[in-house]
Amino acid sequence: MELCSCHYDQQFTKYNASSGFSNKELGHTFKNAIIDDENRSYFEIAVDFIKNIDNHLDWGTWLYLFGDESRAKSLTDQHGREYSAFGTGKTYLMQCIANALTHRKIPAIYVNEEKLFGDIKATYDRASDESEQDVLKRYYNIPVLLIDDLFTTSYKDWAEGKLFSILDARVNEKKVTIITSNYAVGRIRDRLPVNGGKIASRITGQAQLIEMVGTDRRRTIARKRRDERHEAG
């Protein structure tokens with residue numbers, strides 16, 4: 001059944017991807033982003049994704065933004081310059097996407113993995129106003145779910161199963177899912193021995209993969225600040 005625009009408007013009043021952002025994070029937009037030769041292709045894909053968001057909402061398209069440490073090491077050895085899987089702008093790019101979704105008034109939830117599992121665990125408290133199924137349905141059905149830093153928390157047996165349940169439901173319901181991770185799809189099984197293979201298969205089947213390996217921008221900025229302080233001193 002196709003949902004009317006009024007339904008999305010009602011959802012957006014409750015589920016706004018950037019609602020919990022700091023002022024700094026609210027400033028992370030495609031318009032303000034510093035684009036260079038290294039990150040240009042990433043931003044082009046993301047901008048195109050937002051321009052065609054109505055189609056992606058129909059198709060249930062995913063994006064998987066990843067930088068894998070083993071891949072970075074391989075490239076470093078191959079090319080003789082340092083490549084990093086960290087600080088390459090994955091979270092920044094996803095925050096740009098989230099702010100663009102907010103601008104378009106697309107209902108969406110932005111969480112990191114700890115928050116996602118925390119929402120589920122909170123329902124185990126007898127005083128909780130929500131049941132576990134209430135929380136899972138929210139993550140199953142929200143039109144766009146953005147998960148930052150997936151596969152980083154300490155997993156308990158139940159967590160693998162809940163994560164698979166959410167991602168599997170979103171495949172079946174054709175819901176847009178956007179993920180950042182420091183694991184290439186081929187290494188997810190190493191991280192999650194029980195459900196990793198199944199999760200990797202669903203990501204491969206649904207997502208456009210964007211490998212973000214290159215300069216550690218955080219380190220570059222920190223080095224620049226140190227140099228500026230040294231020159232000022």
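Shown here is Arg71, whose CZ atom has no more than 12 heavy atoms of other residues, nucleotides or ligands within 6.0 Å. Open room surrounds NZ on Lys73; 12 or fewer heavy atoms of other groups in view lie less than 6.0 Å from it. In this structure, Glu69 places its CD atom where only 12 or fewer heavy-atom neighbours from other residues, nucleotides or ligands lie under 6.0 Å away.
The minimum heavy-atom distance linking Glu38 with Thr215 is given by the pair OE2-N, 2.8 Å. Closest heavy-atom contact between Thr102 and Ala17: OG1-N, 4.0 Å.
Separating the NZ atom in Lys162 from the CD1 atom in Ile166 is a distance of 9.0 Å, to the nearest 0.5 Å. From Asn52, atom CG reaches atom OG1 of Thr61 across 9.5 Å, with rounding to the nearest 0.5 Å. Taken from OG1 in Thr153 to CD in Glu114, the straight-line distance is 8.0 Å, to the nearest 0.5 Å.
Side-chain atoms of Thr76 come within 3.5 Å of backbone N or O of Ala72 as a donor-acceptor pair. Using a distance-only test at 3.5 Å, with no hydrogens or angles considered, no donor-acceptor pair links the side chain of Asp190 to the main chain of Pro193.
The aromatic rings of His28 and Tyr92 sit tilted, their planes meeting at an angle between 30° and 60°.
One finds a salt bridge joining Asp37 and Arg40 here, because a Lys/Arg side-chain nitrogen approaches an Asp/Glu carboxylate oxygen to under 4.0 Å. The pair Glu132-Arg138 does not count as a salt bridge, with every side-chain nitrogen at least 4.0 angstrom from each carboxylate oxygen. Ion pairing of Lys174 with Asp58 is absent here, as no side-chain N (NZ or NE/NH1/NH2) approaches a carboxylate O to less than 4.0 Å.
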Counting only pairs under 3.5 Å, give me each side-chain donor-acceptor contact of residues 139-148, with atom names and distances, residues two or more places apart or in other chains.
residue : atom : partner : partner atom : Å
Tyr139  : OH   : Asp119  : OD2          : 2.6
Tyr140  : OH   : Ser165  : OG           : 2.4
Asn141  : ND2  : Lys137  : O            : 3.1
Asp148  : OD1  : Thr91   : OG1          : 3.0
Asp148  : OD1  : Thr180  : OG1          : 2.4
Asp148  : OD2  : Thr91   : OG1          : 3.0

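Judged by a 6.0 Å distance limit and a 45° cone about the ring axis, Arg81 is positioned over the six-membered ring of Tyr83.
Tyr64 is linked by a ring pair (Phe, Tyr, Trp, His ring centres under 6.0 Å) to Phe66, counting only residues two or more places apart in sequence or in another chain. The salt bridge (charged side-chain N to carboxylate O under 4.0 Å, His left out) search around Asp129 returns none, not counting sequence neighbours.
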